[in-house]
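Data block below; observations after.
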Amino acid sequence: MTGSPPPWPDVAAFDTAVQRAAFPRHGRLAGAVVERRGGLMRRMEGANAIAYVLRAPDGALVLRCFKERPAPALRLRYEALEKWAARADAEAEGSWVPADAEWVEEAVRIDDHWWPAVVMEHVVGDSLRAHLEARAGRREELTLLADRWREVLAWLDGLGMAHGDLQHDNVRIEEGGRIRLIDLDAVWTSELSAEAPREHGHPHFQHPERLRDGYGDRTADRFSALVIQASILALAVDPGLWDDFHNEDNLLFTAEDFARPMATPLWFRLAASRSVEVRRLTALLDGACRGPLSEVPPFRELDAPEPTPASAASAGWTLTMPVPAPPVAPPLVPVPPAVPVPPTLPVVPSVPSVPSVPPVPTVVPSAPPPEAADRAAAAPGAEDRTVPFMLPVPETRRGAPPARRPVLIGAGLALLMLLAVLIGVVR
């Protein structure tokens, strides 16, 4: 009769066994010892496992011991993944991105029992978190990193593979800039689709629907890939984001940001970024948070260089930042200055003609004969009716002295005569 299995060891028990090198005497763990720095074991503790760096005869290894009893399907997943990876690595001509991993059923001995673990390739390099912290604000370096990140995503998509848990500690950057992926517990391929993983990714990198429903297929990485791409390029132009929004368990975004799109300080900061690309990715991520996981944009959307009003509107987000116009190149041939055009004289509107009035006939009385006039003048008691000839004097304007008017008229006539004489001399 078989009794119940023993309880799963705790973290302290794994630490003690690894320090004692309680490993099998055959296979990759034979002769391995834990590495130390400053007298302490080199170990990294995550949410589901503890990873120890070992020094083996064939080189450095990583031993991943689980904190809880793994599901039986996890062993089948790693065995299938190992076979699939061998074929994919051959087709990819040695450009395999994930770290090599092997399931070892009897890996660590504790209390006279063998416990399983995963033995992985030791990827030497910084985590994405450490890499960004040291290079925030270095625009050229982080722009190059973003380009390489898109290449990794295209590589995964070409193989029909999803990592399933893209996050700051599972992405490593080697010294030459090559990006590697570790922790393959949630990997999805068509061969592994029947065995759904128990892990659904880090909450600060995953769509709320995936954390709630456990959604997983070849598109499972789209949301987390977009989060990482937007974070890299945002830190390239605004290094202050790291101090303001990083909390040691994320890059910039948190699960609260995904639950409240365009309603937290980080969204407002990114929407006002001076980078057009950051604003475009922010619009895509905002639309992804508002819609279902199945409608998250594919990887190729990360390559679009410029936003368009139609794409921004379809994402439920309106771009309000002005896009600077490209500089105008100077002309190859110098252009002479423009000749000033003389001002055009204003056109005086024509005065409507006054209808002609028929002339009034002038009646001139006939003068009496000279003899009759003399007799009339000589007659006694006759009244003198002679009217002296006088020029009509126009009525003077109010306030103007009437004595100066003839003087001005005479001066004007003299000036006109002098001008006529000068014109005659010149001719």
Side-chain angles (χ1 to χ4, degrees), residues 46-49 66-68 70-71 73-74 76-78 80-81 97-98 128-129 149-150 152-157 159-171 181-232 245 247 249-264 266-267 270 281-302 314-317:
N48 303 302
F66 300 99
K67 290 183 175 182
E68 299 178 354
L74 187 60
L76 301 178
R77 288 177 55 81
Y78 268 95
L81 179 62
V97 174
L128 180 60
R129 171 172 52 182
W149 178 243
R150 287 195 296 267
V152 168
L153 300 177
W155 184 89
L156 291 172
D157 193 50
L159 291 177
M161 172 184 178
H163 179 273
D165 190 16
L166 296 178
Q167 49 147 302
H168 54 302
D169 284 335
N170 289 343
V171 179
L181 303 177
I182 63 174
D183 187 357
L184 309 181
D185 292 353
V187 166
W188 185 96
T189 66
S190 57
E191 289 84 353
L192 304 176
S193 59
E195 301 292 341
R198 288 171 51 178
E199 294 188 22
H200 302 148
H202 196 294
H204 296 336
F205 293 82
Q206 296 298 328
H207 193 282
E209 180 182 335
R210 183 163 189 250
L211 297 177
R212 182 179 63 251
D213 302 337
Y215 178 89
D217 61 8
R218 64 177 298 170
T219 67
D221 289 340
R222 289 181 176 179
F223 187 85
S224 55
L226 180 57
V227 171
I228 293 174
Q229 179 78 350
S231 300
I232 294 173
F245 297 100
N247 64 9
D249 196 29
N250 71 336
L251 290 179
L252 297 178
F253 289 92
T254 64
E256 181 183 1
D257 297 314
F258 304 145
R260 301 175 56 204
M262 290 306 296
T264 63
L266 177 60
W267 288 107
L270 297 182
L281 294 176
T282 302
L284 290 178
L285 189 56
D286 170 61
C289 292
R290 297 175 187 273
L293 181 58
S294 58
E295 296 182 4
V296 175
F299 296 146
R300 62 177 177 271
E301 292 290 334
L302 303 185
S314 63
W317 192 84

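Computed from a predicted structure; not experimentally measured.
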Run the side chain to side chain contact (heavy atoms under 4.5 Å, CB included) test on L181 and L166 for me, step by step, so that the C-alpha distance in whole Å, both residues' side-chain angles and the decisive distance to 0.1 Å come before the verdict. CA-CA 8 Å; L181 303 177; L166 296 178; 4.0 Å; yes
What pair of heavy atoms forms the shortest contact from T282 to L270, and how long is it? OG1-CB, 3.4 Å
Only residue of W267, F245, F205 satisfying ring-ring contact (aromatic ring centres under 6.0 Å, His included) with F253 is W267
Ring centres of H168 and H202 under 6.0 Å apart? yes
Closest non-hydrogen contact found for L153 with F299 is O-CD1, 3.4 Å
For L184 and Y78, which heavy atoms make the closest approach, and how far apart are they? C-OH, 3.5 Å
Between Q206 and G201, is there a donor-acceptor pair closer than 3.5 Å when you use the side chain of the first and the backbone of the second? no
Check whether D165 reaches the backbone of D183 with its side chain - one donor and one acceptor, N or O, closer than 3.5 Å. no
I need the S231 OG to L226 CG distance, nearest 0.5 Å. 9.0 Å
Please tell me if the side chains of H207 and R222 come closer than 4.5 Å, counting only heavy atoms from C-beta onward. no
Residues D221 and H163: closest non-hydrogen pair is OD2-N, 2.5 Å
For the pair R150 and Q229, evaluate side chain to side chain contact (heavy atoms under 4.5 Å, CB included) and give the outcome as yes or no after the intermediate values. CA-CA 8 Å; R150 287 195 296 267; Q229 179 78 350; 2.7 Å; yes
Please find the pair of heavy atoms, one from N247 and one from N250, that lie closest to each other, and give the distance. OD1-OD1, 2.6 Å
Decide yes or no for L156 and R218: does some side-chain heavy atom of the first lie under 4.5 Å from some side-chain heavy atom of the second? no
Heavy-atom check, side chain of I232 versus side chain of L251, under 4.5 Å: no
Verdict with reasoning, V296 to T219, per side chain to side chain contact (heavy atoms under 4.5 Å, CB included): CA-CA 9 Å; V296 175; T219 67; over 6 Å; no
